[in-house]
Amino acid sequence: MLDPRILSERRDEIAESCRVRGVEVDVDEVIGLYEAVAARQTELNEANRRRNEHQKAGKKPLDPEQREAHTAEGRALKEAVSRIEADLQGTRARFDTGLATLPNFVHPDVPEGGEEDFRELRREGEPRQFGFEARDHLELGRIGELLDFEAGAKVAGTKFYYLKNGAVLLELALQRYALDVLLEDGFTPYVTPDLARPEIVDGLGYNPRGEETQIYSLANADLCLVGTAEITLGGLYADSILDEAELPLKLAGISHCFRTEAGAAGRESKGLYRVHQFTKVEMFTITRPEESDAMHDHLLGLEEKIFRGLELPYRVIDIASGDLGAPAYRKYDIEAWMPGRGEGGSYGEISSTSNCTDYQARRLKVRFRRSGSKKNELVHMLNGTAVANSRAILALLENHQREDGSIAIPKALQPYVGREVIGAGEA
RNA sequence: GGAGAGGUGGCCGAGUGGUCGAAGGCAGCGGUCUUGAAAACCGCCAGGGCGCAAGCCCUCGAGGGUUCGAAUCCCUCCCUCUCCGCCA
């Protein structure tokens, strides 16, 4: 969330951020609500002060008559306090709702526009020219006995799948490969819970409830299935004050990710591209405010290192304002070439990194103290995909397929897979 | 799941109705001493809100309740630990 105190001061900037994001919010209404909350808070403070004074007077011995009068007055003061409290609570609830609708600021270099208005920063690698009829990953998965969507549908429903044989080796290899890149960079590795409390989910800026939610909730416990380890890694430091010397914190989290994908069926999302469950190695970093832009570039660099090692052609795009999530100040996506996507192949998102500045930290209360300073400041939080297995597997199958339907494993991955080829003829 | 014990400041820990936003210790910061450091000694040091400031308000796991007055008593929930049960 934004800092309530800067709402009126930076009103125009916030309104502009909403505009370029295509978010319709009445900023002035939220500001008005904040002022109403502040006014009632002041009122409450005053009422509390009167009550405290009155209580101090009750400590000394009083004769029965005085005591009775004192008690009656105490009751009246108490009632006044609860009346104001109830009023404040109602106003604050409306303010909180309003505040939650305000998205983060937008980095000045972010291109303005919607999903199609991204800026392409660079391309790496050339889409491969196949000397044969290339197959998509569904067919490669079927003939190589690597993927089984029918079994997934039968047991868990549509958009679930089984990995089999070489795909299982690939799944495990990808995790370890990506993790090694991060370890070399000084990340601390974690395997996190796959479930989290709704408050934590909410704190990271994901709405755990409501029609549009991407988040699964359990029926018999107050828990959500996480959509990403960003949630569990972010929650790790909720409510804490860090030493400046500890920063930046670089965390690598392995978790399963669960997504309802409500309303996301259809085009361009066949097979492994859009599924309800996958495994992901996530990068999560906590920095001082002045370091977050540099860290953002650094995370992007790590993602590129990982995908270059997988020998996948890709492009890097700077996501346009209208396509940013509310917490994101800036977001880069890496799109890998997917030969089986669309007509004759297309680029598809395979990883993503966001700088969320202090937007998540404020709600989670993650602060740090500069050495020599008494004042606590909010940290900046960033996240990025090291490897999302479903899409990585998709891209590997389609890009590294051979004429017989088998899959060549890139050199960097071979030590982890323990094979040079998987799929057709290998199983 | 059952029984018991707990949750207090960055950390540890005292505090069972007003003298408590809270002893003491550790860590941290400033100083004395020292060529320098350590040790010793002195001082400062919870978080958040409002305010130019003085100062005021809130917070002792969370939420309710009792009371003129709650860290302290009662209720609900969450969490941790010990024992028992179950289990990979």
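Letters go in sequence order (proteins before strands), and every chain restarts at 1.
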Distance, [atom1] atom - from [M] to [N], rounded to whole angstrom:
N     : M     : atom1 : value
B/G43 : B/G61 : C1'   : 34 Å
B/G17 : B/C74 : C1'   : 13 Å
B/C41 : B/A46 : P     : 22 Å
B/U8  : B/A14 : C1'   : 9 Å

Q: Between A/Arg49 and A/Ala38, just flag the one whose closest nucleotide in RNA chain B comes earlier from the 5' side.
A: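 It is A/Ala38, whose closest nucleotide lies nearer the 5' terminus.
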Q: Let me know, please, whether A/Arg5 or A/Ala72 comes out on the 5' side of the other along RNA chain B by nearest nucleotide.
A: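 Of the two residues, A/Arg5 wins.
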Q) For A/Val387 and A/Ala392, which heavy atoms make the closest approach, and how far apart are they? A)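 Looking at all heavy atoms of both residues, the shortest contact is CG2-CB, 3.6 Å.
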Q: Look at all strands and tell whether A/Lys365 reaches a base, only sugar-phosphate, or nothing, counting heavy atoms closer than 4.0 Å.
A: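 No contact.
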Q | Separation of B/G49 P from A/Leu7 CG (nearest whole Å) | A |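 About 14 Å, once rounded to whole Å.
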Q.
Between A/Lys280 and A/Thr228, is the side-chain hydrogen bond (donor to acceptor under 3.5 Å, both in side chains) condition met? List the steps.
A. CA-CA 7 Å; A/Lys280 181 154 65 81; A/Thr228 160; 2.8 Å; yes
Identity of whatever pairs with [N] - Watson-Crick or G-U, under 3.5 angstrom:
N     : answer
B/U35 : none
B/C86 : none
B/G43 : B/C29
B/U72 : none
B/C50 : B/G55
B/A5  : B/U80

Q. Would one find a side-chain N or O of A/Asn52 under 4.0 angstrom from OP1 or OP2 of B/C58?
A.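 Yes.
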Q: Salt-bridge test for A/Arg83 and A/Asp87: reply yes if a basic N is under 4.0 Å from a carboxylate O, no otherwise.
A: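 No, no charged N to carboxylate O under 4.0 Å.
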Q. So, are A/Arg259 and A/Glu261 salt-bridged, with charged N and O less than 4.0 Å apart?
A.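 Salt bridge: no.
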Q. Do A/Ile393 and A/His137 touch side chain to side chain, with heavy atoms closer than 4.5 Å?
A.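 No, every pair of side-chain atoms sits at 4.5 Å or beyond.
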